[in-house]
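First up is the structure itself, then whatever we jot down about it.
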Amino acid sequence: MPELPEVETTRRGIRSALRGSAITGFVLREHRLRWPVDRQLGRELTGQHVVDVHRRAKYLLIELERGTLLSHLGMSGSLRVLPVDAPLLTHDHYDLVLDSRQCLRFNDPRRFGSLHWVTGDPELHPLLAGLGPEPLERGFDADYLAAKAKRRRVAIKQFVMDQRIVVGVGNIYASEALFRSGINPRRAAGRVSRERFERLVGAVRDVLGEAIRQGGTTLRDYVNAEGTPGYFRQKLFVYERAGEPCRRCGTPIRQFTQGQRSTYYCPSCQK
DNA sequence: ATGGGCACCTGGCTGC
DNA sequence: TGCAGCCAGGTGCCCA
């Protein structure tokens, strides 16, 4: 998926079209997403206005008057704002139709994305309740990370990708943040020094912030609300660069597998 | 509690 | 040209 920068870019792109609009319909073409989508959802949504669009971790929260739509993009999902009559593409699974003659259209080839209707405080929803702090907000600092990492034997790469520890960091930005902070992705979380946690926190913030400014990273599927890709790919130091020279020292970038995911790192810059 | 592995899905690419 | 095998921005769940 889309990691935090891609979800945040999507949020910024869809917000102005959605906020204040009334929902005039909901078209569900494929309800078999990660979890089955309620086929009667349109009955609930129609007539409500969009209050605002928020993000928590990699979830988008579309706040309506009587509840919240909780949307996840999975690995290959994207949300676009389009005219209601825009031609359909394969894997266009649902449309949230607005009174502006536009719609919010969800496309997701792999169908790992999800959509839930939540009433009450969305933070209490089971999918959100156990999540860690937002990396770009207070609450994510070296003290916090070091405390969480104590006695943990998992590799630091998997540790920073654990959404219960900190949210928003996925496979691309985990490799990139570890490169920027000079930490070997194999190192046990509990054996990372205090000084290195300081650098890691800074690197996570920097890489996510820079990626948001570039509109995210597009590898294959990801496009923003206007259908254009993100440009952070050019700024990647290690991700998908196996065999190519390290941009800092020239050593060939290495790739290996951790937890069924590819990790990329520079064996000489990261210890 | 922690760690590890699998599952869910489609599509693009590689190599025989 | 066809097809098997592998890989891909995520994460809930099950097992030891």
Side-chain angles (χ1 to χ4, degrees), chain A residues 1-11 29-37 55-60 70-79 89-93 106-116 125-132 135 147-178 186-191 204 207-208 210-212 214-224 229-236 238-243 255-264:
Chain A
M1 138 164 121
E3 303 182 35
L4 186 149
E6 293 74 36
V7 179
E8 179 61 21
T9 300
T10 299
R11 185 188 75 84
R29 299 181 196 86
E30 175 56 83
H31 78 286
R32 297 171 305 165
L33 301 187
R34 169 108 204 236
W35 291 280
V37 179
R55 180 189 55 74
R56 172 74 175 111
K58 301 175 193 172
Y59 289 91
L60 282 166
L70 189 59
S71 167
H72 198 288
L73 304 179
M75 287 277 264
S76 56
S78 56
L79 281 167
L89 305 175
T90 29
H91 312 301
D92 277 344
H93 302 318
F106 179 68
N107 184 282
D108 184 10
R110 294 178 74 180
R111 287 194 273 123
F112 289 165
S114 63
L115 185 68
H116 288 90
H125 189 277
L127 292 173
L128 302 187
L131 294 174
K148 282 285 186 186
K150 222 159 181 96
R151 288 182 295 278
R152 293 291 305 270
R153 296 180 181 190
V154 268
I156 188 67
K157 158 96 169 344
Q158 287 160 282
F159 180 76
V160 290
M161 286 178 68
D162 183 340
Q163 304 296 296
R164 294 167 300 186
I165 302 300
V166 60
V167 301
V169 182
N171 206 37
I172 297 178
Y173 301 110
S175 280
E176 294 297 313
L178 289 169
R186 286 189 165 100
R187 180 174 287 271
R191 295 185 173 265
V204 165
V207 74
L208 296 178
E210 289 169 33
I212 291 169
Q214 297 292 316
T217 301
T218 295
L219 300 174
R220 294 161 195 87
D221 307 286
Y222 175 75
V223 289
N224 67 19
Y231 299 107
F232 194 70
R233 191 176 191 174
Q234 308 149 241
K235 305 281 176 79
L236 299 175
V238 292
Y239 192 81
E240 284 197 337
R241 295 196 63 243
Q255 173 181 15
F256 68 104
T257 301
Q258 286 181 299
Q260 296 98 232
R261 313 298 300 278
S262 273
T263 298
Y264 300 83

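Naming: A, B, ... by sequence-line order, numbering from 1 per chain.
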Scan A:Q260 against the nucleic acid and name what it touches under 4.0 Å (heavy atoms): base, sugar-phosphate only, or nothing.
-> base
May I ask you to say what A:R153 touches in the nucleic acid, namely base, sugar-phosphate or nothing, with a heavy-atom cut-off under 4.0 Å?
-> sugar-phosphate
Base paired to B:dC9 (Watson-Crick or G-U; both N/O distances under 3.5 angstrom) = none
Looking at [X], I'd like to know whether one of its side-chain N or O atoms comes within less than 4.0 Å of OP1 or OP2 on [N].
| X | N | answer |
| --- | --- | --- |
| A:R34 | C:dG10 | no |
| A:S262 | C:dC7 | no |
| A:H91 | B:dC9 | no |
| A:R110 | C:dA8 | no |
| A:H72 | C:dT11 | yes |

Counting heavy atoms from C-beta on, name the nucleotide in [options] closest to the side chain of [X].
| X | options | answer |
| --- | --- | --- |
| A:K58 | C:dA8, C:dG12, C:dT11 | C:dT11 |
| A:L127 | C:dT11, B:dG3, C:dG12 | C:dG12 |
| A:M75 | C:dA8, C:dT11, B:dC8 | C:dA8 |
| A:Y264 | C:dG10, C:dA8, C:dT11 | C:dA8 |
| A:P109 | B:dG3, B:dG11, C:dG10 | B:dG11 |
| A:R220 | C:dG12, C:dA8, B:dG5 | C:dA8 |

Send over the distance from [X] [atom1] to [N] [atom2], rounded to a whole Å.
| X | N | atom1 | atom2 | answer |
| --- | --- | --- | --- | --- |
| A:Q158 | B:dA1 | CD | P | 20 Å |
| A:L73 | B:dC9 | CG | C1' | 16 Å |
| A:D108 | C:dT11 | CG | P | 13 Å |
| A:E240 | B:dG12 | CD | P | 16 Å |
| A:R164 | C:dC13 | CZ | P | 12 Å |
| A:K148 | B:dT2 | NZ | P | 8 Å |
| A:F159 | C:dT11 | CZ | P | 16 Å |
| A:F112 | C:dG12 | CZ | C1' | 12 Å |

What is the ring orientation for A:Y173 with A:F232, classed by angle as parallel under 30°, tilted 30 to 60°, or perpendicular over 60°?
-> tilted
With the side chain counted from C-beta on, respond yes when A:E30 and A:R111 share a heavy-atom pair under 4.5 Å apart, and no when they do not.
-> yes
Is there a side-chain contact between A:Q258 and A:R186 (heavy atoms, below 4.5 Å)?
-> yes
Using a strict cut-off of less than 4.0 Å between a Lys/Arg side-chain nitrogen and an Asp/Glu carboxylate oxygen, indicate whether A:R220 and A:E6 qualify as a salt bridge.
-> no
So does A:E240 pair up with A:R233, basic N to acidic O under 4.0 Å?
-> yes
When the P atoms of B:dG5 and C:dC7 are considered, how many whole Å apart are they?
-> 15 Å
When rounded to the nearest Å, what value does the distance between P atoms of B:dC9 and C:dC13 take?
-> 15 Å
Pairwise 5' ranking along DNA chain B for A:G259 and A:K150, keeping only the more 5' one = A:K150
Between the base of B:dC9 and the side chain of A:R111, is there any donor-acceptor pair under 3.5 Å?
-> no
Are there more than 12 heavy atoms of other residues, nucleotides or ligands under 6.0 Å from atom CZ of A:R29?
-> yes
